[in-house]
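For reference, the structure is listed below as structure tokens.
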Amino acid sequence: MQIRVSAARSEIDRDEIDRIKKDLEKIDRRLSDWQDVTAEVRVNGNGGAQGYNVTVELEYGRNHLIAKAEHLDVGAAVREARDELLRQINDRKRGGHTARAKGT
């Protein structure tokens, strides 16, 4: 999986980028059957009282998914967005949560 991290108004150091990539490994494992998987992570904010706004866009095959999260800690925001993406991936799979709820 290719991961791009950008930070508009905040300073993200190399260690933080490595932690973000590690947090997204769960998605990479889930989509291991796909050849071209890309994730773009955008971080806005600088922590403090306002916290961070994180947007993660994920593309694999014909799928384009987006998840957003806000948190005082950038890592927690990334994990929250990751969990939302995993839910969306699960819902798209045949027999995923939404399909079972609809009785199909």
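We're numbering straight along the sequence, starting at 1.
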How many angstroms lie between [atom1] in [X] and [atom2] in [Y], if you round to the nearest 0.5 Å?
{"X": "Asn63", "Y": "Trp34", "atom1": "CG", "atom2": "CH2", "result": "5.5 Å"}
{"X": "Asp73", "Y": "Arg79", "atom1": "CG", "atom2": "CZ", "result": "6.0 Å"}
{"X": "Ser6", "Y": "Asn44", "atom1": "OG", "atom2": "CG", "result": "7.5 Å"}

Quiz item: Are any non-hydrogen side-chain atoms of Met1 and Leu58 less than 4.5 angstrom apart?
Solution: yes

Quiz prompt | Pairs meeting criterion salt bridge (Lys or Arg N to Asp or Glu O under 4.0 Å) with involvement of residues 25-39, two or more places apart | solution =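 Checked against salt bridge (Lys or Arg N to Asp or Glu O under 4.0 Å) - neighbours excluded - the pairs reaching residues 25-39 are Lys22-Glu25.
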
Quiz prompt | Presence of salt bridge, Arg87 and Asp83, under 4.0 angstrom | solution =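 Looking at Arg87 together with Asp83, the answer is no, because their closest N to O distance does not fall below 4.0 Å.
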
Exercise. Could you tell me whether Arg42 and Glu57 have a side-chain N and a carboxylate O separated by less than 4.0 Å?
Key: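 A salt bridge is present here (some side-chain N lies under 4.0 Å from a carboxylate O).
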
Quiz item: So, the side chain of Gln88 versus the backbone of Ile66: is there a donor-acceptor pair under 3.5 Å, distance only?
Solution: yes

Quiz item: Can you check whether Asp23's main-chain N or O pairs, donor with acceptor, with Arg82's side chain at less than 3.5 Å?
Solution: yes

Any idea which heavy atoms bring [X] and [Y] closest together, and the distance?
{"X": "Ala77", "Y": "Glu70", "answer": "CB-C, 4.4 Å"}
{"X": "Val74", "Y": "Tyr52", "answer": "N-CD1, 3.4 Å"}
{"X": "Ala81", "Y": "Ala69", "answer": "N-CB, 3.9 Å"}

Exercise. Give the intermediate values and the outcome of side chain to side chain contact (heavy atoms under 4.5 Å, CB included) for residues Val41 and Leu24.
Key: CA-CA 10 Å; Val41 180; Leu24 296 180; 3.7 Å; yes

Exercise. Verify side chain to side chain contact (heavy atoms under 4.5 Å, CB included) between Arg92 and Leu65, making sure each step is shown before the conclusion.
Key: CA-CA 10 Å; Arg92 288 179 175 270; Leu65 308 176; 3.0 Å; yes

